[in-house]
A.B. asks: 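I am attaching a structure below and will ask some questions about it afterwards.
Nothing here was measured: the structure is a model prediction, and the numbers come from that model.
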Amino acid sequence: MEKPLLPTLQSKSIAIFRALQLGDMLCATPALRALRAACPHARITLIGLPWAKVLVARYPRYLDDFIAFPGFPGMPEQAADTAAFPAFLADVRARSFDLAIQMHGDGRITNGLVREFGVRCTAGFGIAPVSGLPGFLPYPEHGAEIRRLLALTDFLGAPAQGDHLEFPLNPSDEAELLDSGVATGLAPGRYICLHAGARSEARRWPPEHFAAVGDRLYEAHGLPLVLTGSQFETGLTAAVRKAMRAPAVDAAAPISAGALAALLRGARLLVCNDTGVAHIAAALHLPSVIVFRASDISRWAPLDRTLHRPVWAPGDRGLSEVLREARTLLKRSPPGSTDRARVRSPLPC
C-alpha cells in the first residue's frame, strides 16, 4: 500500500484480536505501546481469552476495554463455546470499530473470523493471497515474536517505541502475596526461584533435573530455594521437593500472575521452563535461565541474552548447561546489583 494504514484511517476505535496465553500476551506489549503512541486518542479494545480481562487493569495506558472471546472451531487455545458465539459476535458488531487488527498467528483461521466482526477495516498478518491486500503483512516465518509483532505495527504506521517488555506491579499484587504467606521470611535479592511447570507437558524439564539444579546451587551459594507454580502445579512442585536434598519453600498456590510477579521480583535468579514466567522475568529484569525442549528459542526466548539465558535441553539433556548459566548469572548479579527499582512500586505501563 502507498501509505501506512493508521494515519490514513485516523481510527477512533480499534479492536486487537489476540486470544492467547500469558507469555504470548506479554510478547505483544511492545506492539501495544507502539499502537498507543501512534493513536493516542483511540479507544483500544482487546479481544482475547477470558483470563486476559485483567490485562486492561495491568496496562491501562495501552488498553481501554476488553471483550472475552468464547473460542472458535480449529483454534486450540480453549474449547469453542458455540452457544456463546452469537452473543459475542453481536457484542463486537455493536461496538462499530473503525479498525480490527489480527495479531493471532498467520491468519489461516483468524482472518476469516475477524472479518465476521463487521469492522469497517481489517488488518494484520496474512498468507497469500490475503497478504497482498492493503493492511495485511505477509506472516514472518522466522524471528522473535516481539519483533514479528512490531513489524506489523510498523507496517501499519505505528513505529516501535522500544522492544522491552513491561509488567507493572500494583499494591494489590503485594497485598495478595503478603496474604498468601508464601513469601514469609524471604529476604529480597537473597533467594532463587525454580519453576518446573508449563502449560504443555512437552515443554517441561523433568522435576528431578530442577531438584538437581536446586541442590547444587544451594550447596554452592546457600541461597534459599523457592518452588513456584500455580494451584494446578502442586504435583510438580511436590515432585521437585521430594527429589531434593536441600530445603525449599513450596510456593505453588492459587495466586494471581501479579502476586507471582511480586514474588519473582524479589528473587536473585529464576530457573524455569519456556512458559509465561520467563516473560514476566524479562519484564522485571530478573536474571533467568530458561529451559527449552519443544519450542523455538529464536522466537520465544527473551531478547536480552545477557540477563536471560536460554538452554536447549531435549530429553534428559541440559543439566550441566543450566548449572553453568545459573552460576554465571549469580556471579554477575550479586544482591542489589540488578536495576529493578523501577518495578518495585505501582507504575503506569
A.B. asks: Does some side-chain heavy atom of L63 sit less than 4.5 Å from a side-chain heavy atom of T45?
C.D. replies: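 They are not in side-chain contact.
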A.B. asks: Please list, chain by chain and in numerical order, all residues satisfying ring-ring contact (aromatic ring centres under 6.0 Å, His included) with H104, sequence neighbours excluded.
C.D. replies: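 ring-ring contact (aromatic ring centres under 6.0 Å, His included) check on H104 returns F17.
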A.B. asks: Angle between ring planes, F85 versus F72, binned at 30° and 60°: parallel, tilted or perpendicular?
C.D. replies: tilted
A.B. asks: Which of these, I290, L270, T228, sits in a side-chain contact (heavy atoms from CB on, under 4.5 Å) with V277?
C.D. replies: L270
A.B. asks: Do I109 and I47 belong together in a cluster built from hydrophobic side chains that touch within less than 4.5 Å?
C.D. replies: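 Yes; I47 is reachable from I109 via cluster members.
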A.B. asks: Which residue pairs satisfy the side-chain hydrogen bond (donor to acceptor under 3.5 Å, both in side chains) criterion with at least one member in residues 111-125, sequence neighbours excluded?
C.D. replies: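 Residue pairs passing side-chain hydrogen bond (donor to acceptor under 3.5 Å, both in side chains), neighbours aside: R93-E116, Q102-N111.
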A.B. asks: Quick check: does any side chain N or O of R190 sit under 3.5 Å from a backbone N or O of L223, one acting as donor and the other as acceptor?
C.D. replies: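 No, R190 side chain to L223 backbone: no donor-acceptor pair under 3.5 Å.
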A.B. asks: Could you list all the ring pair (Phe, Tyr, Trp, His ring centres under 6.0 Å) pairs where at least one residue sits in residues 292-319, not counting sequence neighbours?
C.D. replies: none
A.B. asks: Given the rule in the side chain to side chain contact (heavy atoms under 4.5 Å, CB included) test, do L156 and I101 qualify, once you have shown the distances and angles that lead to the verdict?
C.D. replies: CA-CA 10 Å; L156 295 177; I101 304 175; 3.9 Å; yes
A.B. asks: Kindly indicate, with the supporting measurements, whether the criterion side chain to side chain contact (heavy atoms under 4.5 Å, CB included) is fulfilled by L194 and C272.
C.D. replies: CA-CA 6 Å; L194 306 176; C272 65; over 6 Å; no
A.B. asks: D250: what forms a salt bridge (charged side-chain N to carboxylate O under 4.0 Å, His left out) with it, not counting sequence neighbours?
C.D. replies: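 In terms of salt bridge (charged side-chain N to carboxylate O under 4.0 Å, His left out), with neighbours along the sequence ignored, D250 is linked to no residue.
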A.B. asks: Pairs in or reaching into residues 215-258: which pass ring pair (Phe, Tyr, Trp, His ring centres under 6.0 Å), with residues at least two apart or in two chains?
C.D. replies: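 Those involving residues 215-258 do not exist here.
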A.B. asks: Would you give the length of the straight line joining atom NZ of K53 to atom CZ of F66, rounded to the nearest 0.5 angstrom?
C.D. replies: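 The NZ atom of K53 sits 8.0 Å away from the CZ atom of F66.
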A.B. asks: Is there a path of hydrophobic side-chain contacts, each under 4.5 Å between heavy atoms of I, L, V, M, F, W or Y residues, that connects I280 with L236?
C.D. replies: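 Result: no, two separate clusters.
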A.B. asks: Check for me, please, whether I255 and W51 land in the same ILVMFWY cluster - side-chain distances under 4.5 Å, paths through other members count.
C.D. replies: yes
A.B. asks: Treating R309 as the side-chain partner and R305 as the backbone partner, does any N or O pair qualify as donor plus acceptor under 3.5 Å?
C.D. replies: yes
A.B. asks: Can you tell me how far CG of L269 sits from CG of L307, rounded to the nearest 0.5 angstrom?
C.D. replies: 9.5 Å
A.B. asks: Strictly under 6.0 Å, is that where the ring centroids of F88 and F69 end up?
C.D. replies: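 Ring-ring flag for F88/F69: true, centres closer than 6.0 Å.
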A.B. asks: When hydrophobic residues are tied together by side-chain contacts of less than 4.5 Å, even through go-betweens, does V289 share a cluster with I297?
C.D. replies: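 They do not share one cluster, since no chain of ILVMFWY contacts under 4.5 Å joins V289 to I297.
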A.B. asks: Look up atom CZ in R265 and atom CD in E174, then write down how far apart they are to the nearest 0.5 Å.
C.D. replies: 4.0 Å
A.B. asks: Side chains of S13 and R95: closer than 4.5 Å at any heavy-atom pair?
C.D. replies: no
A.B. asks: Sorted by first residue and then second, give each ring pair (Phe, Tyr, Trp, His ring centres under 6.0 Å) pair with at least one member in residues 172-213; sequence neighbours left out.
C.D. replies: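 Those involving residues 172-213 are W205-H209, W205-F210.
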A.B. asks: Same cluster for V54 and L284 if Ile/Leu/Val/Met/Phe/Trp/Tyr side chains link at under 4.5 Å?
C.D. replies: yes
A.B. asks: What do the steps show when you test R148 against Y139 for side chain to side chain donor-acceptor pair (under 3.5 Å), and what is the final call?
C.D. replies: CA-CA 8 Å; R148 295 186 196 204; Y139 184 70; 3.3 Å; yes
A.B. asks: With heavy-atom distances below 4.5 Å as the criterion, would you say the side chains of L46 and M25 are in contact?
C.D. replies: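 Touching, per the 4.5 Å side-chain cut-off.
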A.B. asks: Could you tell me whether the side chain of R268 reaches within less than 4.5 Å of the side chain of P188, counting heavy atoms only?
C.D. replies: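 They are not in side-chain contact.
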A.B. asks: Do R33 and Q161 touch side chain to side chain, with heavy atoms closer than 4.5 Å?
C.D. replies: yes
A.B. asks: Within this structure, what is the CG-CG distance for the pair L149 and L137, rounded to the nearest 0.5 Å?
C.D. replies: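 It comes to 10.5 Å.
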A.B. asks: Would a 4.5 Å heavy-atom cut-off, applied to side chains only, mark R216 and R327 as touching?
C.D. replies: yes
A.B. asks: For N170 and S172, test the side chains for any donor-to-acceptor distance below 3.5 angstrom and give the result as yes or no.
C.D. replies: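 Short answer, no.
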